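Here is the structure we will look at.
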Amino acid sequence: MAAWARAVRGLLLDISGVLYDSGGDGGVPIAGSVEAVRRIKASGLKLRFCTNETQATRENFVKKLQGMGFDISVAEVTAPAPAACRILKERSLRPHLLVHNDLVPEFAEIDKTNPNCVVIGDAAENFTYANLNEAFRVLIGMEKPVLISLGRGRYYKETDGLKLDVGAYMKALEYACDVQAEVVGKPAKMFFESALAEMGVPPQQAIMIGDDIVNDVGGAQRCGMRALQVRTGKYRCFLDRKERLDLMGWINNFAALGSCSSAPQCHPSDCPCLAVGHSAVMQGDSASRGSRRGFCEQPKSWLMRGLDGAICPSPSMALAPAKFSKAAHEHVSTAPAAS
Ligand SMILES: [Mg+2]
């Protein structure tokens, strides 16, 4: 087993697109993810859920996930709205809210009279012209506009397709008001640091798992963590390849974790991983980049053995763009269903 795997003490999990796909009907769990959370908890690894969810209070969001069968509690979830409330209180900021109706209760104890900042979240149907223009007028009327954004995602996946996320609307207000938003939530370094502190694990001993190459993988890497991207949720190979980070890698789905026997294995003849349909590459692990790893050699635990077995050196950096693009499209059209 690779040295990095032996050192891992904790996992940070994104929720939407990793554990479940959201939707107007409440969403559906991604196959095998309920069991994978149980396996991680049983393994003794520390676990923290790190989400940019802003369409519900943390309590209601957790209640929904519990209803799907997930072993999760409010205390295990790091989310942007509570973090934003702490900032608002510390800086005596009074927000004008452009957020989802179901998130408003998170700000119940915050003074919202005579606003001196704007807080924007994934407001979904509340992203009307009138509401955006109202937020614009509040901001443009300030001597020093303060825009706080609960995330900066471009889009996310719901059961009926991709949806524009808060980042697109945040950018509109930034442009109109010539201001730079303060992002609370992923990929902000402070957000990851807060989650790590709550878990009690240093970044070098933690892995972030998410479906967003920028906000999950990139954010975690900038914080000193290794990161995996799952090929569920918003993952779109032909789009995400533009976000070429130092290393890129994938794991087919979150359910692949935890079972050596079910973990996919990479073979030299099958690489690049795009053809195999599964791989995972970690940031900064130059040793694993250049050499093939054996599987199941002196495993520390069955869970890490399964994760280790899903890893193969990243092929993406060595591929010519055209070949990468072709392979990417082939993968998208032929990828096997998550198992
Ligand atoms: Mg996600």
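In this text, all values refer to a predicted model and were calculated from it rather than measured experimentally. In each ligand, atom 1 is the first atom listed, and ligand 1 is the first ligand listed.
Shown here for F107 and C85, the closest heavy-atom pair between the two residues is CD2-SG, 3.7 Å.
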Could you give the side-chain donor-acceptor pairs of residues 162-180 under 3.5 Å, partners two or more places apart or in another chain?
{"unit_1": "K163", "atom_1": "NZ", "unit_2": "E158", "atom_2": "OE1", "d": "2.7"}
{"unit_1": "K163", "atom_1": "NZ", "unit_2": "D160", "atom_2": "OD1", "d": "3.2"}
{"unit_1": "E174", "atom_1": "OE2", "unit_2": "A181", "atom_2": "N", "d": "2.7"}

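Identified under the salt bridge (charged side-chain N to carboxylate O under 4.0 Å, His left out) test for residues 90-105, with sequence neighbours left out: R91-E182. Identified under the ring-ring contact (aromatic ring centres under 6.0 Å, His included) test for residues 180-226, with sequence neighbours left out: none.
Salt bridge annotation for K157-D21: present, with a cationic side-chain nitrogen under 4.0 angstrom from a carboxylate oxygen.
Distances shorter than 2.8 Å separate the Mg ion (ligand 1) from the protein N/O/S atoms D14 OD2, S16 O, D211 OD1.
Across N52, N215, T78, D216, a single residue satisfies side chain to side chain donor-acceptor pair (under 3.5 Å) together with K186, and that is D216.
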